[in-house]
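Sequence lines set the chain letters: A, B, ... in the order given, protein chains first and strands last, and positions in each chain run from 1.
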Number of protein chains: 2
Amino acid sequence: MIEKPASKAQAITSEVRRRIVDREWRQGDRIPDEAELAVEFGVARATVNKALQLLAEEGLLDRKRRAGTHVTVNPARKTTLTIPIVREQVEGAGMEYSHRVVAQKLSPLPADIAARMALTEGAALIHLRTVHYGDSRPFQVEDRWINPEAAPGAELIDFQRINANEWLVRNFPWLRNDMAFSAENANARDARLLETRQGAALLVLQRTTFNDLGAITSVRLAFHPGYQMLATP
Amino acid sequence: MIEKPASKAQAITSEVRRRIVDREWRQGDRIPDEAELAVEFGVARATVNKALQLLAEEGLLDRKRRAGTHVTVNPARKTTLTIPIVREQVEGAGMEYSHRVVAQKLSPLPADIAARMALTEGAALIHLRTVHYGDSRPFQVEDRWINPEAAPGAELIDFQRINANEWLVRNFPWLRNDMAFSAENANARDARLLETRQGAALLVLQRTTFNDLGAITSVRLAFHPGYQMLATP
DNA sequence: TAGTGGTCTAGACCACATC
DNA sequence: ATGTGGTCTAGACCACTAC
């Protein structure tokens, strides 16, 4: 079954990708310039430009003014990762979503989180610990700090009723975010909340979001053992 | 310090993002159509189109013909992850890179890997186990299967001399790849090769790449304990 | 069926890096 | 100095889908 390309630009993208994969154009080679390709494919130069820019973003091509377009030698390729919303993730897997707030109170900010949020240690932030369930089995534990300066109104919300992430995301779009993946051995609390054994390897996502008022929230998400995060191709 | 936008489209992207973050345009709101914005910003419609498409890819806007452009209600935002090349990663951290091939031989493919590669169980593939070092401390262990059908010539390569990933990436560009992150407790072999204790939590990246001849390679990369993978914003 | 975004075109000017 | 990609424009036609 041959895919029908959605647009001329897409068709050119595919064809160029094919030539690279089939090694008609080798790594390091210079490919014909936009004007030539426009003639070959019978389209305007802008269309070729769009197609080649796609491949450049993908990391397959290197483009430079005057030097022309070359097939990348050591392509460090990129993938997009969709930051999922827990509820959608759980419900998408055909399970029923629920969550339980284990703790919600104003607390002084510890040093490590303060550094991540670029705030001063000891500042009073909302500290929230939540367990997210799929069909009443623990799916993820969340340890979140919320900065009421950047998210005014957060003090008044009962996050037992409204999922903190959803409330934040709906009310405070962010400008910038830091994100890191790591693996951690479950500590005693993780183990209890995730109903697993201490020491189990957990995939941990640490994320801090900012708007123009500063850090909005910083959260540590620890997934249940065996969880896999898939990159969308 | 105000950033000078590189292009008109970029400037429009920033301005629209600002309006959303500052809640001039609320989540769910319909924003003016392209023609109106083109007049407002004094540019051609194509320029507005480009700017808004960027924000739509980012997940901030929902665009539909006839319905117009709306601010996304529950933005499931996306991030791009750069798949790093081990050597560059190590050298980028100011360490000296080296690697050691622990095993390289033709072996029958186990069932789980066969499923990932869409090949038949028991097929003869090149099986490679490698440890990557930074300043002679273990950085990552690699367990790789290479399909000589899709990567002809691989049988003849001495991967002690040439890093398998670099050889593959230079010679066999891929069309498609599957990728998954997870956390695993170090097994006995992981622990030995990474010079850590058994049971330590390891960040594991499992990746399979394909070209038009089928699966090229499937690899499990286990990073040293404490490793963090950062998403590039 | 009409309004909106999706795409394409032909042409133009510019910025940059190499020649 | 000059060839290449980067960007923009004005206009056009089309495809989708909400109305």
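Between Arg45(B) and the phosphate of dT9(D), there is no side-chain N or O to OP1/OP2 separation shorter than 4.0 Å. Not one side-chain nitrogen or oxygen of Thr69(A) sits closer than 4.0 Å to the OP1 or OP2 atom of dT4(D). Here Arg66(B) does not reach the OP1 or OP2 of dA2(C): none of its side-chain N or O atoms lies under 4.0 Å away. For the OP1/OP2 pair of dG6(C) and a distance below 4.0 Å, the side-chain nitrogens and oxygens of Asn49(B) include at least one atom meeting the criterion. A sub-4.0 Å separation between OP1 or OP2 of dT7(D) and a side-chain N or O of Gln53(A) is present. At dT9(D), one or more side-chain N or O atoms of Thr47(B) fall inside 4.0 Å of OP1 or OP2 (strictly under the cut-off). OP1 or OP2 of dG6(C) has not a single side-chain nitrogen or oxygen of Ser7(A) nearer than 4.0 Å.
Side-chain contact between Leu81(B) and Met229(B) is present, with heavy atoms from C-beta onward closer than 4.5 Å. Contact check for Gln10(B) versus Leu54(B): side-chain heavy atoms found under the 4.5 Å cut-off.
When rounded to the nearest whole Å, the span between CG of Asp62(B) and P of dA18(D) equals 12 Å. Across the protein-nucleic acid pair, Leu54(B) atom CG and dG6(C) atom C1' stand 15 Å apart, rounded to whole Å. Rounded to an integer number of Å, the gap from CD of Glu36(A) to P of dT4(D) is 8 Å. For Asp33(A) and dG6(D), the CG to P distance is 12 Å, given to the nearest whole Å. Atoms CD (Glu34(B)) and C1' (dA12(D)) sit 15 Å apart, rounded to a whole Å. The separation between Lys50(A) atom NZ and dT9(C) atom P is 11 Å, rounded to whole Å. Rounded to whole angstrom, the span from the CD1 atom of Ile12(A) across to the C1' atom of dT7(C) amounts to 12 Å. Atom pair Lys8(A):NZ and dA10(C):C1' shows a separation of 13 Å (rounding to whole Å applied).
In terms of position along DNA chain C, the nucleotide closest to Lys64(B) lies nearer the 5' end than the nucleotide closest to the other residue of the pair Gly42(A) and Lys64(B). Two residues, Ala67(A) and Ile31(B), neighbour DNA chain C, and the one matched to the more 5' nucleotide by heavy-atom proximity is Ile31(B).
Counting non-hydrogen atoms of other residues, nucleotides and ligands closer than 6.0 Å to CD of Glu149(A) gives a total of 12 or fewer.
Contacts of Ala46(A) with the nucleic acid, taken as non-hydrogen atoms under 4.0 Å apart, include base atoms. Within the 4.0 angstrom heavy-atom criterion, no nucleotide atom of any strand lies near Ala35(A).
Between Arg144(B) and Thr217(B), the side chains place a donor N or O and an acceptor N or O closer than 3.5 Å (distance only, hydrogens not considered).
Screening Val71(B), Val21(B), Leu60(B), Leu52(B) for a side-chain contact (heavy atoms from CB on, under 4.5 Å) involving Val16(B) leaves a single residue, Leu52(B).
Comparing atom distances between the Arg65(B) side chain and each of dC14(D), dT4(D), dA12(C) picks out dC14(D) as nearest.
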